[in-house]
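Scroll down for the structure; my scribbles are underneath it.
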Amino acid sequence: MKWIPTLAIKGFIILAYRLFSLLFSVKPRKVTFASYRSEELTGNLYYIWKEFSLRHQDYEYTVKLKKFNSSFTGKLAYAIHLIRSCYDLATSRYFIIDDYYFPVYAIKPREETEIIQLWHAAGAFKKFGLSTRGKAFGPSDDYLKHIKVHSNYSRVYVSSSDIVPFYAEAFDMPPQDIFPLGVPRTDYFFDETEVQKAKALFFQKYPELKGRRLILYAPTFRGKSHYQKSFESPIDFGEMKEELGDSYAVLVHLHPYMNAGADFPEHTAGFVYHIHEGFSIEELLVVSDILITDYSSVIFDYSLLERPIAFFAYDLEEYIKERDFYIDYRSEIPGPIFTETTELTRWIQKGAFDIKAVAEFKHRFFDYTDGKASARIVDHLLTGEKRRIG
């Protein structure tokens with residue numbers, strides 16, 4: 001009985017897709033960008049759209065964005081959105097996504113259409129997709145009987161050759177269809193004009209932070225699928241404030257699905273800033289001097305800046321059981337592991353950071369560090385050939 005809603009939506013999607021395929025042909029110059037991660041075109045999708053637009057004004061560009069809401073009305077609205085997206089899926093030359101996208105797995109794509117996966121996270125850190133099968137976080141065998149998640153991708157673009165096998169496992173697809181040409185949104189870090197603009201806007205909004213050392217705390221998403229958990233900080237920011245003083249400040253950036261319950265004690269005001277709107281994670285990375293996370297893939301982006309990274313992993317064993325990693329967490333991450341605020345604060349105060357480890361991590365997980373990922377990927381798409389370049 002629990003599969004009836006899923007099967008009903010799958011049936012409607014198949015019916016809608018077949019009807020649109022019968023009535024309309026594929027438009028050879030149509031590109032659709034689709035995501036449930038945001039209501040705005042951002043990240044990898046934005047950078048590929050921008051690159052396409054700069055070159056080809058005569059292409060037709062369609063955007064299908066619908067942030068998921070787990071309420072009943074939200075699910076209903078999302079279901080309607082997915083069925084409507086079947087028209088674009090049936091008529092696009094390129095259908096480009098950046099995450100899980102249900103309609104793609106329900107249908108059999110037309111031969112003239114390529115479904116392109118630009119996975120939102122750089123590198124390969126915590127396991128995802130079919131790599132989590134059998135884990136509490138992952139899809140169940142029963143679900144996979146009905147929906148073959150991460151199927152039907154024509155091409156996937158990733159950051160380095162080292163991680164191709166991980167993505168092949170996660171998506172159950174041939175390694176030769178996974179291309180290590182870069183992560184489009186990381187082009188931002190090489191655009192000095194945009195970086196300086198972000199810094200100027202940030203300090204215009206937060207002038208009191210000028211001259212202070214900024215610590216960005218960006219923990220990973222806790223929960224499953226679209227469902228959020230209330231956020232409770234494992235770090236004692238009150239203690240950190242007392243020890244570090246006014247020369248430091250902490251910027252907190254939570255995953256979009258983790259904002260519920262994000263309250264911080266009043267006595268940390270002026271030291272802890274919860275930045276939940278107005279600035280992207282990329283913009284917060286470039287203004288920060290130190291990154292603290294637990295299991296977030298944001299470490300790959302930050303490694304491009306070659307700045308200190310610390311890991312506050314208070315529940316590592318539990319997380320390994322729930323989800324696990326593609327790399328050995330303890331030995332391969334580019335920074336020290338902490339479970340107590342006191343030790344973390346002492347590390348910050350001491351300032352003996354291993355930047356060499358961060359640089360080595362960067363070169364392992366990025367084949368290119370030139371800010372031209374978007375151009376390479378669009379070049380590769382427009383050749384019409386499935387071959388490795390560069």
Please report the C-alpha distance between Y101 and Y36 in whole Å, then the side-chain angles of each, then the deciding distance to 0.1 Å, and finally whether the ring-ring contact (aromatic ring centres under 6.0 Å, His included) criterion is met.
CA-CA 8 Å; Y101 201 77; Y36 71 78; 7.6 Å; no
Evaluate side chain to side chain donor-acceptor pair (under 3.5 Å) for S85 paired with D88, printing each intermediate quantity in order.
CA-CA 5 Å; S85 72; D88 298 295; over 6 Å; no
Output, in order, the C-alpha distance, side-chain angles, deciding distance and verdict of ring-ring contact (aromatic ring centres under 6.0 Å, His included) for Y329 and Y319.
CA-CA 11 Å; Y329 186 90; Y319 198 83; 8.4 Å; no
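Under the 4.5 Å side-chain criterion, counting only non-hydrogen atoms from C-beta, L382 is in contact with R55. Annotation: side chain of R307 is not in contact with side chain of I290 (no heavy-atom distance under 4.5 Å). By the 4.5 Å heavy-atom criterion applied to side chains, V31 and T62 are not counted as neighbours.
Shown here are the ring pair (Phe, Tyr, Trp, His ring centres under 6.0 Å) partners of Y248, two or more places apart in sequence or in another chain: there are none. Take S25 and apply the side chain to side chain donor-acceptor pair (under 3.5 Å) test, not counting sequence neighbours, and it matches no residue. Partners of T91 under the side chain to side chain donor-acceptor pair (under 3.5 Å) rule, at least two apart in sequence or in another chain, are K30. Under the rule for a side-chain contact (heavy atoms from CB on, under 4.5 Å), the partners of S303 that lie at least two apart in sequence or sit in another chain are V358, F361, K362, F366. With sequence neighbours excluded, the residues that form a side-chain contact (heavy atoms from CB on, under 4.5 Å) with L41 are F33, L45, Y46, W49, V63, L65.
Side-chain N or O atoms of D98 include none that pairs as donor or acceptor with a backbone N or O of N44 at under 3.5 Å. Proximity of a side-chain donor or acceptor of R133 to a complementary backbone N or O of L144 within less than 3.5 Å is not detected. In this structure, K126 contributes its side chain and T220 its backbone to no donor-acceptor pair below 3.5 Å. Remark: side-chain polar atoms of T113 are not paired, donor with acceptor, to backbone N or O of P109 under 3.5 angstrom. Under a 3.5 Å cut-off, the side chain of E318 and the backbone N or O of D315 do not form any donor-acceptor pair. In terms of modelled atom types and a separation under 3.5 Å, the side chain of K64 and the main chain of L89 share no donor-acceptor contact. When atom types are taken as modelled, the side chain of R110 and the backbone of S21 share a donor-acceptor pair closer than 3.5 angstrom. Side-chain atoms of K10 come within 3.5 Å of backbone N or O of H146 as a donor-acceptor pair. S92 places no side-chain N or O within donor-acceptor distance of the main-chain N or O of F95, the cut-off being under 3.5 Å. For S288 (side chain) and L284 (main-chain N/O), a donor-acceptor pair under 3.5 Å exists by modelled atom type.
The only option from L285, L291, V183, I281 that meets the side chain to side chain contact (heavy atoms under 4.5 Å, CB included) definition with D301 turns out to be L285. Exactly one of W119, F325, F166 qualifies for a ring pair (Phe, Tyr, Trp, His ring centres under 6.0 Å) with F128. That residue is W119.
Contact check on D379 versus R376 returns no salt bridge, with no Lys/Arg side-chain nitrogen under 4.0 Å from an Asp/Glu carboxylate oxygen. Under the 4.0 Å criterion applied to side-chain N and carboxylate O atoms, E60 and R29 are not assigned as salt-bridge partners.
A cation-pi arrangement, defined by a distance under 6.0 Å to the six-membered ring centre and an angle within 45 degrees of its axis, is absent between R185 and Y47.
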Could you pull out every donor-acceptor pair under 3.5 Å between side chains of residues 193-206 and any protein atom, sequence neighbours left out?
| from | atom 1 | to | atom 2 | distance (Å) |
| --- | --- | --- | --- | --- |
| Q196 | NE2 | E192 | OE2 | 2.6 |

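Separation of the F179 and Y157 ring centroids falls under the 6.0 Å cut-off.
Within a 6.0 Å sphere centred on CG of D328, other residues, nucleotides and ligands contribute more than 12 heavy atoms.
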